[in-house]
J.: 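One structure is given below, represented as structure tokens, and several questions about it will come after.
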Amino acid sequence: MSKQPIPYGRQHITDEDITAVTEALQSDYLTQGPRIAEFEKVFAEYIGCRYAVAVSNGTAALHLCAMALGIKPGDKVITTPITFVASANCIRYCGGEVVFADIDPETYLLNINSVKALLESSPKGTYKGIIPVDFAGRAVNLEAYKELANEYGLWIIEDACHAPGGFFLDSNNHKQFCGNGNFADLSIFSFHPVKHIACGEGGMVTTNDEELFHKLTLLRTHGITKGDNVYPYINSIELASGGYKDETEYPGWYMEMQQLGYNYRITDFQAALGTSQLKRANKGLERRREIAHIYSEAFRDKPYILGQSGDIEGHAYHLYVLEVKDRLNLYLYLRKNHIFSQIHYIPAHLMPYYQEFGYKEGDFPHAENYYSHCISLPMFPTLTSEEQQYVIKTIDEFYSN
Ligand SMILES: *Cc1c(COP(=O)(O)O)cnc(C)c1O
């Protein structure tokens, strides 16, 4: 039997990945080299969007999105409580107000009807945007959200950290891939090792909006720009640089800090790892879907199962979630048997930080009920069939005792 610990998620690094990183380390650039632009290009192609901006992590990606969309103190933005807290925190970084809405107990995603209820109960203009999350890898139906966003003048940031390669079917039965920019203004991804593509740390913003794209590239690096990029943002340039007429005449040192930005850059060697990992992304996704199918069948009619991720078309399966009876003891029993499942997530509105804003237990019954039963099973492409069977057998064993 398996005595090696089985985590809920794990990165996969190949010799090819190591070669790619080594080459980057031996090149002239450690940061800000050509591998970043290459990673952005291949990632945009993979996702099917026009622009991609690589950044230092997914949280930085969210912060830049919130800045690029101009969130100001007091602005109200709606998101789900069943997500990693960063999805909500980006609003707070800009002083905005986080408004949570309940989840759909079937999909575990932000319930569009709860969002509608919020929008309808306040004067138009009260809310500025929505941050839906492709939780666990299940794609949010952004076509429906876009319709709502148009009606109420809202922007959409899609938190697609769990879902590179995920898609939903739109009303014309076309596949709409997470982050493709057809409905959301901006989408974000993370390259933390437990996610689909590992860079160590890393993140990406994708969009089809050229103006937002330019804002993001500026904000990612201190709000500083030079060369060609100076031109579209030209501000009293003749004063500043002594009468130069266009960017081709600027002296080499000339740059402008046009906004208050950050250092949210990714390094060239992380981008090299990302590009190398991306080559296997589809294979990994296929394997995740295979694993999900096996879990789904194994637990289908079990009396101890209250709900599960299931076998859903377009699901990217960052996580495979079960809702079970006696969750705590199952979790402990699995640990005793070297299976390190995880709980995603403690509802964000119940975090002490968000309780300070008046949120409390009972606010979002579906999210809280989900949380009291959920458990994320081992789900990563290199999980072997023996390991998966061991996980299934151990869970069955727990409930038959
Ligand atoms: C991982 C994650 C983030 C944050 O990404 P980091 O790269 O860890 O900063 C944000 N949102 C969700 C849903 C995530 O899973």
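Below, each value reflects all heavy atoms present in this structure, side chains not excepted, and no hydrogens, waters or symmetry copies. Order of appearance sets the numbers: ligands from 1, and atoms from 1 within every ligand.
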J.: Would you mind checking which non-hydrogen protein atom is closest to atom 8 (O) of ligand 1, with the distance to 0.1 Å?
T.: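 Nearest neighbour among protein heavy atoms for atom 8 (O) of ligand 1, to 0.1 Å: Ser190 OG, 4.0 Å.
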J.: Can you tell me the protein heavy atom closest to atom 15 (O) of ligand 1 and the distance?
T.: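 Going by distance alone, atom 15 (O) of ligand 1 is nearest to His162 NE2, 2.7 Å.
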J.: Under 3.5 Å, is there a donor on one side chain and an acceptor on the other for Ser376 and His344?
T.: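 Their side chains do contain a donor-acceptor pair, which is all the 3.5 Å distance test asks for.
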J.: If we only count N/O pairs under 3.5 Å, is Ala86 in contact with ligand 1?
T.: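 No - when backbone and side-chain N and O of Ala86 are compared with those of ligand 1, no distance drops under 3.5 Å.
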J.: Which of the atoms in ligand 1, numbered in the order shown and given with their element, are less than 4.0 Å from a heavy-atom of Phe84?
T.: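 This gives 2 (C), 3 (C), 4 (C), 10 (C), 12 (C), 14 (C) as the contact atoms.
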J.: Please could you name the atoms of ligand 1 that Asn57 approaches to less than 4.0 Å, counting only its heavy atoms?
T.: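 Matching atoms, with element in brackets: 7 (O), 9 (O).
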J.: Spell out, as yes or no, whether a donor-acceptor pair under 3.5 Å connects the side chain of Asp17 to the backbone of Leu273.
T.: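 Answer holds: no.
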J.: Looking at Tyr345, which atoms of ligand 1 are within less than 4.0 Å of one of its heavy atoms?
T.: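 Going through ligand 1 atom by atom, the ones under 4.0 Å from Tyr345 are 15 (O).
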J.: How far is atom 4 (C) of ligand 1 from its nearest protein heavy atom, and which residue and atom is that?
T.: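 Residue, atom and distance for the closest contact: Thr59 OG1, 3.6 Å.
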J.: Any atom of ligand 1 sitting under 4.0 Å from a heavy atom of Phe189?
T.: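 No heavy atom of Phe189 comes that close to ligand 1.
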J.: Show the atoms of ligand 1 that are less than 4.0 angstrom away from any heavy atom in Gly58.
T.: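 This gives 5 (O), 6 (P), 7 (O), 9 (O) as the contact atoms.
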J.: Looking at Phe189, is Lys195 sitting on its ring face, NZ or CZ under 6.0 Å from the six-membered ring centre and within 45 degrees of the normal?
T.: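 No cation-pi geometry.
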J.: Ring centroid separation for Tyr359 and Phe100, is it under 6.0 angstrom?
T.: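 Distance test on ring centres: under 6.0 Å, yes.
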J.: Compute the minimum heavy-atom distance from Lys195 to ligand 1 and say whether it is under 4.0 Å.
T.: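 The answer is yes: ligand 1 sits under 4.0 Å from a heavy atom of Lys195.
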J.: For His63 and Cys94, work out which heavy atoms get closest and say how close.
T.: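 Heavy atoms of His63 and Cys94 come nearest at CD2-SG, 4.2 Å.
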J.: Which protein heavy atom lies closest to atom 12 (C) of ligand 1, and at what distance to 0.1 Å?
T.: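 Going by distance alone, atom 12 (C) of ligand 1 is nearest to Asp159 OD2, 3.5 Å.
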J.: Tell me which part of Thr83 gets within contact of ligand 1: side chain, backbone, both or neither, using heavy atoms under 4.0 Å.
T.: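 Under 4.0 Å from ligand 1, Thr83 contributes side-chain atoms alone.
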J.: Quick one, Thr107 and Arg138 - any side-chain contact, counting heavy atoms below 4.5 Å?
T.: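 With C-beta onward as the side chain, the pair touches.
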J.: Cation-pi check for Tyr295 against Arg300: NZ or CZ below 6.0 Å from the six-membered ring centre and within 45 degrees of the axis, yes or no?
T.: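 So Arg300 doesn't make the cation-pi contact.
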J.: What's the verdict on side-chain contact (heavy atoms from CB on, under 4.5 Å) for Cys65 and Val205, showing C-alpha distance, side-chain angles and the deciding distance?
T.: CA-CA 8 Å; Cys65 289; Val205 185; 3.6 Å; yes
